Amino acid sequence: MALDISYLLSDPDFCAAFTVERCVESVDDKGRAQLTSEVLPWRGVVQPATPRELERLAEGDRDRETITVYSREPLRVGQRPEGTAADVILWQGQRYEVASVETWPGYVRALATLLPEATHD
């Protein structure tokens, strides 16, 4: 019997507020791809990824800082055929791209890797 701990995702002692940037790609009349994004408020439990969780990532992503996010609201990994980009989590001033998502009864567990800082010339 599985232990249901999803109620903890509503407990303010464990949850934190963060932001999710969700992009959707569409194609205009001239066949050019366009990205539109929206910034969404989100709540969940955020913690550093464990070494065991890092094993689920592609080998090239394992050396990047990674967080584990538990949330009642679904997070998305990018799907090229569907024209969606991965969700980006804004957490403590850093941007993390969702790399994998597991769906569990009542919540999702996502691994998100730190994006390199954008360079401005």
Side-chain angles (χ1 to χ4, degrees):
M1 179 174 167
L3 181 63
D4 181 11
I5 58 169
S6 62
Y7 65 93
L8 294 174
L9 296 174
S10 303
D11 188 327
D13 290 335
F14 294 102
C15 283
F18 55 93
T19 305
V20 171
E21 185 178 298
R22 180 163 285 171
C23 292
V24 177
E25 185 177 277
S26 61
V27 179
D28 66 10
D29 297 341
K30 297 177 182 172
R32 291 181 284 206
Q34 294 180 327
L35 285 177
T36 55
S37 66
E38 56 185 340
V39 177
L40 306 164
W42 221 267
R43 292 194 62 80
V45 176
V46 181
Q47 61 188 33
T50 65
R52 187 173 180 179
E53 291 170 326
L54 292 175
E55 291 177 3
R56 296 185 191 130
L57 296 175
E59 196 167 312
D61 291 338
R62 291 181 190 165
D63 60 343
R64 294 167 54 189
E65 182 180 324
T66 303
I67 57 174
T68 303
V69 178
Y70 297 88
S71 171
R72 288 188 182 276
E73 300 298 322
L75 291 163
R76 291 195 277 188
V77 177
Q79 300 291 327
R80 190 171 295 241
E82 296 174 11
T84 59
D87 286 339
V88 174
I89 296 169
L90 286 72
W91 169 249
Q92 295 186 337
Q94 302 287 332
R95 296 169 50 88
Y96 296 88
E97 183 177 55
V98 174
S100 73
V101 174
E102 295 176 13
T103 303
W104 293 86
Y107 69 97
V108 296
R109 178 172 68 182
L111 293 176
T113 57
L114 182 65
L115 290 171
E117 289 186 33
T119 57
H120 302 283
D121 294 328

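No hydrogens, no waters, no symmetry mates; every other heavy atom, side chains included, goes into these values. Since this is a predicted model, take the numbers as computed values, not measurements.
- Distance check: Tyr96 OH to Glu21 CD gives 15.0 Å after rounding to the nearest 0.5 Å.
- Hydrophobic clustering places Val77 together with Val20 (ILVMFWY residues linked when any side-chain heavy atoms are closer than 4.5 Å, directly or through intermediates).
- Of the possible polar contacts, none joining the Gln94 side chain to the Trp91 backbone as a donor-acceptor pair under 3.5 Å is found.
- In the displayed structure, Asp13 atom CG is contacted under 6.0 Å by more than 12 heavy atoms of other residues, nucleotides or ligands.
- A single hydrophobic cluster is seen to contain both Val69 and Val101, as judged by linkage of ILVMFWY side chains at heavy-atom distances under 4.5 Å, directly or through other members.
- For Asp87 (side chain) and Arg76 (main-chain N/O), a donor-acceptor pair under 3.5 Å exists by modelled atom type.
- Phe18 and Leu111 sit in two unconnected hydrophobic clusters of ILVMFWY residues. Membership requires side-chain heavy atoms under 4.5 Å apart, directly or through other members.
- Under the 4.5 Å side-chain heavy-atom criterion for Ile, Leu, Val, Met, Phe, Trp and Tyr, Ile89 and Leu114 are members of the same hydrophobic cluster.
- Between the side chains of Gln47 and Thr68, no donor-acceptor pair is found at a separation under 3.5 Å.
- Screening residues 64-73 for salt bridge (charged side-chain N to carboxylate O under 4.0 Å, His left out) gives Asp61-Arg64 as the qualifying pairs, with residues at least two apart or on separate chains.
- Across Ser37 and Cys23, no two heavy atoms sit closer than the pair CB-SG, 3.4 Å.
- With values rounded to the nearest 0.5 angstrom, Ile67 atom CD1 is found 9.0 Å from Thr113 atom OG1.
- For the residue pair Ser71/Trp42, the side-chain donor-acceptor check at 3.5 Å is satisfied.
- Put simply, Trp104 and Val108 are part of two different groups of oily side chains (I, L, V, M, F, W, Y) that touch within less than 4.5 Å, one to the next.
- Summarising the geometry, atom CZ belonging to Phe14 is positioned 12.5 Å from atom OH belonging to Tyr70; distances are rounded to the nearest 0.5 Å.
- The OG1 atom of Thr66 lies 9.5 Å from the CD atom of Glu53; values are rounded to the nearest 0.5 Å.
- Within the structure, salt bridge (charged side-chain N to carboxylate O under 4.0 Å, His left out) contacts touching residues 33-47 (residues at least two apart or in different chains) do not occur.
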